[in-house]
J.: 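One structure, as structure tokens, below. Some questions next.
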Amino acid sequence: MNLALRKSDFIQRGRFITFEGGEGSGKTTQSKKLFAKLDEAGIDVMWTREPGGSYGAEEIRSLLVKGESERWAPSTEALLMFAARDDHWRTWIEPALEAGTWVICDRFADSSYAYQGYGKGVSLDLLKALYQNTVGATQPDRTYLFDVPVDVGLARAHMRMSADQAKEDRFEGLGSPFHERVRAGFKSLANAEPARFYMLDATQSIESLEAQVWQDVQCLISAAIAHG
Ligand code: TMP
């Protein structure tokens with residue numbers, strides 16, 4: 001019998017919350033609002049994003065979000081996404097969750113399924129195998145999916161992009177049919193896992209969306225207190 005105990009044996013694992021959606025869905029704004037609210041409520045919380053988040057993954061991010069749309073084959077792109085995720089997971093997210101920190105992540109693996117899988121035709125089985133070999137068995141505790149019609153989302157994203165000096169626009173220019181496949185892909189993922197996903201109509205006001213997310217997160221907080 002192994003009697004060795006780790007610090008994490010005494011600490012309740014943090015909750016892992018992801019924000020997903022197409023271009024211009026407003027998920028980044030909402031994820032930052034939730035971070036501020038949890039922080040104000042005294043919960044140890046961290047905000048991060050994908051692709052990127054850790055130092056190594058941010059370097060890989062610049063390969064993925066800048067330059068020509070056709071710069072990478074879909075399979076290369078998927079492998080780069082998971083290379084970034086592997087670094088982010090092992091150096092940033094997993095240690096934080098084990099230390100009891102709640103992690104809010106702006107995009108995670110569902111974006112790979114939606115963009116590289118449903119959008120670009122990379123095999124979902126391959127993407128799931130990559131997930132199992134990098135992240136493992138852990139899934140987000142809750143995923144908020146911000147659903148927005150493609151034309152509305154792209155118009156919002158173009159407005160933001162024209163002010164963006166970094167020109168992280170590699171995916172925006174892929175055209176409506178691609179973004180329709182991504183949107184439908186996200187919906188399929190949400191329908192397949194209704195206990196994890198919470199889908200929101202992202203055409204609503206920022207305040208209304210913020211209130212809906214906060215109401216739902218309070219259930220996660222209550223459950224965490226009950227288990228504590
Ligand atoms: P962002 O604009 O939300 O920061 O995301 C950058 C782009 O990366 C966005 O167009 C979606 C794309 N992306 C994927 O294609 N697959 C992924 O796994 C992730 C995390 C993002």
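Just follow the structure's listing: the first ligand is 1, and inside any ligand the first atom is 1.
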J.: May I ask you to decide if L64's main-chain N or O and R170's side chain share a donor-acceptor pair within less than 3.5 Å?
T.: yes
J.: Near ligand 1, which residues have a heavy atom under 4.0 Å away from one of its atoms?
T.: E23, K27, E50, P51, R61, V65, M81, R85, R107, S111, S112, Y115, Q116, F171
J.: Looking only at side-chain N and O atoms, does W47 offer a donor or acceptor that is under 3.5 Å from a partner on S31?
T.: yes
J.: With a 4.0 Å cut-off on N to O distance, would you call R160 and E172 a salt bridge?
T.: yes
J.: Flag the pair F171 / Y115 as yes when their ring centroid distance falls below 6.0 Å, and as no otherwise.
T.: yes
J.: For the residue pair R85 and F82, would you count it as a cation-pi contact if the rule is NZ or CZ under 6.0 angstrom from the ring centre and within 45 degrees of the ring axis?
T.: yes
J.: Apply ring pair (Phe, Tyr, Trp, His ring centres under 6.0 Å) to the pair F186 and Y118, showing each step before the final yes or no.
T.: CA-CA 8 Å; F186 272 129; Y118 288 93; 8.9 Å; no
